[in-house]
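Structure record follows, encoded as structure tokens.
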Number of protein chains: 2
Amino acid sequence: MKRPTIADIARRAGVSKGAVSYALNGQPGVSEATRKRILSIAEEIGFNANSAARALSGARARAVGLTLCRPAKLLGIEPWFMGLISGFEAELGARSYALTLQVVATPEEEIEVYRRWWGERRIDGVIVTDIRKDDIRIPVLQQLQLPAVVIGGPGETGSIAQIWSDDAGAITEAVRYLVALGHHRIARVSGVSDLLHTQNRTKAFETVCASLGLDHARTIPADYTGEEGSRATRRLLIGGDRPTAIIYDNDVMAVAGLAVAQEMGLSVPGDLSIVAWDDSPLCSLVHPPLTALSRDISAYGAQAALELLNAIDGRKVGNVEAGRVHLTPRGSTAPPR
Amino acid sequence: MKRPTIADIARRAGVSKGAVSYALNGQPGVSEATRKRILSIAEEIGFNANSAARALSGARARAVGLTLCRPAKLLGIEPWFMGLISGFEAELGARSYALTLQVVATPEEEIEVYRRWWGERRIDGVIVTDIRKDDIRIPVLQQLQLPAVVIGGPGETGSIAQIWSDDAGAITEAVRYLVALGHHRIARVSGVSDLLHTQNRTKAFETVCASLGLDHARTIPADYTGEEGSRATRRLLIGGDRPTAIIYDNDVMAVAGLAVAQEMGLSVPGDLSIVAWDDSPLCSLVHPPLTALSRDISAYGAQAALELLNAIDGRKVGNVEAGRVHLTPRGSTAPPR
DNA sequence: GCGCATCACTGAACCGGGTAAGTTCTGGGA
DNA sequence: TCCCAGAACTTACCCGGTTCAGTGATGCGC
């Protein structure tokens with residue numbers, strides 16, 4: 001089956017290629033009558049512009065790139081990325097931008113992918129996640145002048161757009177809630193510690209605990225995986241002055257922590273209260289369902305995509321705060337016995 | 001920063017564009033010495049061929065497409081797709097093929113996306129999942145002559161390559177194992193019932209139960225979500241002759257089923273044994289860890305990508321059985337009390 | 001009735017690689 | 001010495017859109 005081109009349309013409409021191009025793109029230069037005729041022919045023969053030809057002349061690939069830099073094992077189970085991806089799609093799909101995905105192992109490899117994409121003109125911009133302090137990807141993107149949007153922060157991203165959520169406010173709310181329930185010994189199991197948002201959360205956690213006079217507050221670093229979540233939880237629970245509440249930096253570690261508590265014969269929430277960061281169906285799936293810090297990840301992704309499209313179109317972009325994180329109380333939190 | 005082109009290389013090497021193209025593609029027509037010189041210049045200035053230009057002349061986009069047709073909520077939590085994606089990437093990345101993703105709501109919309117991709121020449125082939133009986137996507141792909149590989153089955157896909165796993169054998173093994181433990185009342189909570197592999201599993205489940213003389217065997221249809229998993233489990237457990245073992249068609253429903261059992265005060269595996277289809281970190285995360293039907297999803301994806309690349313290159317493709325599914329016993333199965 | 005602006009369109013160049021066809025040069029055999 | 005084969009290139013066109021300069025035709029004001 002032969003793919004129709006604008007030349008086919010031009011022939012049938014009895015006009016030149018140029019006129020067809022103007023008509024299809026809503027440019028001035030053709031009469032309304034001709035435009036209608038051309039559009040109806042295009043519709044009739046099922047015309048879609050060849051993306052390569054368009055990219056070659058117009059310098060717009062109509063695609064954006066996303067790299068996933070997490071071990072495959074974790075990628076699968078963490079709802080975060082898929083939520084983000086659905087959000088992107090909502091905005092991208094509406095403007096028929098494609099999303100190109102690449103799984104990488106390290107930030108260095110990620111930079112290589114950016115360079116390759118840029119050289120190949122394969123994408124018009126990238127979405128950057130898992131931002132670190134003094135992230136080595138930022139200067140490369142600036143040097144390449146590759147439009148980008150950073151998810152996470154707030155941090156220093158120079159001229160690059162940024163979407164972030166108020167992690168400090170959220171963790172403060174969670175700690176205050178636990179204290180209000182009567183907890184005094186609160187611990188936290190954190191995600192990968194060189195990520196910027198982990199550092200922001202840790203700082204905020206320490207600040208609020210200090211201000212409330214909680215002496216036993218401490219953060220055990222982990223890496224978002226269930227294994228590390230279990231290990232950190234065991235370390236916390238076998239100690240003499242074990243915490244009565246634990247806040248986990250993601251849902252996977254929280255579920256793992258719940259399993260450890262059950263395995264040790266502790267009742268949740270009687271002996272231990274659990275709060276998960278990032279609500280997902282996983283949190284309501286287990287028993288008891290987990291109290292969580294919820295945010296609309298999909299909306300977060302949509303907002304990021306929109307910001308990136310703005311950057312690609314050369315419009316002004318900024319430093320945007322995403323929708324609020326709010327606490328969703330469920331069965332895993334209660335006053336300590 | 002200007003992107004280097006073959007014209008830049010040609011100028012620096014003192015040869016024509018054509019010679020550079022031959023050299024870079026390993027074609028005959030240039031001397032070994034010139035080829036080396038050209039390659040080293042390309043390396044030095046960080047040349048990457050413009051994918052649009054290449055696609056336009058060579059008619060190869062060096063990208064493959066994948067559509068995800070599941071509600072966003074489920075997409076996030078099911079490890080299956082992300083596992084598959086990592087698998088694809090392993091093969092695609094090695095040949096610098098890109099993976100283009102699109103989230104869709106219905107098979108009809110999926111067909112629209114295929115047509116658009118085809119018209120835009122954006123991709124060289126597609127990976128088709130969630131295959132149904134008399135799937136409406138198959139004839140469209142054949143008509144467009146769009147290279148494709150179908151994941152799932154076995155079923156009728158005509159000339160299109162297919163990767164499938166022995167679901168019938170796996171469910172037979174699971175039932176035999178439960179019977180060997182002493183279970184007689186075994187139920188199953190299935191996935192979306194018009195999917196081909198669900199039907200294959202249901203048929204095999206009925207066959208093996210009949211051959212073993214299990215009268216109480218029954219399948220409750222669900223849809224892979226935690227909500228439906230819970231609902232089906234409740235229906236099964238409140239009945240008079242409640243099953244002593246349940247097999248779930250995915251891990252998410254199995255975890256939800258475990259939570260329902262705990263909520264109803266039933267002990268797992270004392271009062272109820274649970275088997276999950278598709279092992280994932282989620283299964284080892286909960287307490288007790290779930291006995292699962294394991295398969296290497298990532299390898300499954302890699303195999304599919306390889307088969308698709310073969311189809312794109314016009315090589316013969318066939319009907320491939322993926323690695324075996326095997327039973328991984330964990331804490332959620334035991335003899336009934 | 002003339003000049004000029006505007007509209008509607010055409011023709012051709014262009015983007016950056018791929019490749020068929022043509023050209024030049026070298027060396028070996030008769 | 002001449003001829004021819006083959007290597008090592010160059011030239012030029014192709015892919016399918018976009019865009020800019022140019023061309024008639026029309027309308028409008030004076």
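Below, chain A is the first sequence line, B the second, and so on; all start at residue 1. Worth knowing before you read on, the calculation uses all heavy atoms, side chains too, and leaves out hydrogens, waters and symmetry mates.
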To the nearest Å, how far apart are B/Ile45 CD1 and C/dG16 C1'? 14 Å
Under 4.0 Å from a heavy atom of chain A: give me the 5'-most and 3'-most nucleotides of DNA chain D that qualify. D/dG16 to D/dC20
Would you mind building the protein contact string for nucleotides 20-27 of chain C? One character per nucleotide, 5' to 3', B for base within reach (heavy atoms under 4.0 Å), S for sugar-phosphate only, - for untouched. B-------
For a quick test of reading the model: is some side-chain N or O of A/Ser16 closer than 4.0 Å to OP1 or OP2 of C/dT10? yes
Under 4.0 Å, counting only non-hydrogen atoms across every strand here, what does A/Ser21 touch: a base, just sugar-phosphate, or nothing? base
Side chain to side chain donor-acceptor pair (under 3.5 Å) partner of B/Glu110, chosen from B/Arg115, B/Gln102, B/Arg137: B/Arg137
Which pairs of donor and acceptor atoms, one on a side chain in residues 302-312 of chain B, lie under 3.5 Å apart (sequence neighbours left out)?
residue: B/Glu307; atom: OE2; partner: B/Gly318; partner atom: N; Å: 3.4
residue: B/Asn310; atom: OD1; partner: B/Arg315; partner atom: NE; Å: 2.8
residue: B/Asn310; atom: OD1; partner: B/Arg315; partner atom: NH2; Å: 2.7

Phosphate OP1/OP2 of C/dG16: any B/Arg54 side-chain N/O under 4.0 Å: no
Expressed in angstrom and rounded to an integer, what is the separation of A/Asn50 atom CG from C/dG16 atom P? 16 Å
With sequence neighbours left out, write down each residue that passes side chain to side chain contact (heavy atoms under 4.5 Å, CB included) with A/Ser40, or none if nothing qualifies. none
Minimum heavy-atom separation for B/Ala148 and B/Leu141, please, with both atom names. CB-CD1, 4.0 Å
Hey, mind stepping through B/Leu99 and B/Val64 against side-chain contact (heavy atoms from CB on, under 4.5 Å) and telling me if it holds? CA-CA 5 Å; B/Leu99 177 66; B/Val64 304; 3.8 Å; yes
Would you kindly give the CG-to-P distance between B/Asn48 and C/dG16, to the nearest whole Å? 14 Å
Sub-4.0 Å heavy-atom contacts from residues 5-15 of chain B onto DNA chain C, ordered by number: B/Thr5, B/Ile6
Map A/Pro4 and B/Arg35 onto DNA chain D by nearest heavy atom, then report which one ends up closer to the 5' terminus. B/Arg35
Pick the nucleotide of DNA chain C nearest each of A/Lys17 and A/Ser31; which residue has the one closer to the 5' end? A/Ser31
Atom pair CG (A/Leu84) and CD1 (A/Ile163), whose distance is rounded to the nearest 0.5 Å: 10.0 Å
Can you give me every donor-acceptor pair (side chain of residues 4-13 of chain B, partner residue at least two apart or in another chain, under 3.5 Å) with its distance?
residue: B/Thr5; atom: OG1; partner: B/Ala7; partner atom: N; Å: 3.2
residue: B/Asp8; atom: OD1; partner: B/Arg11; partner atom: NH2; Å: 3.4
residue: B/Asp8; atom: OD2; partner: B/Thr5; partner atom: N; Å: 2.9
residue: B/Arg12; atom: NH2; partner: B/Glu44; partner atom: OE2; Å: 3.0

Should B/Gln27 be listed as having a side-chain N or O under 4.0 Å from OP1 or OP2 of C/dT19? yes
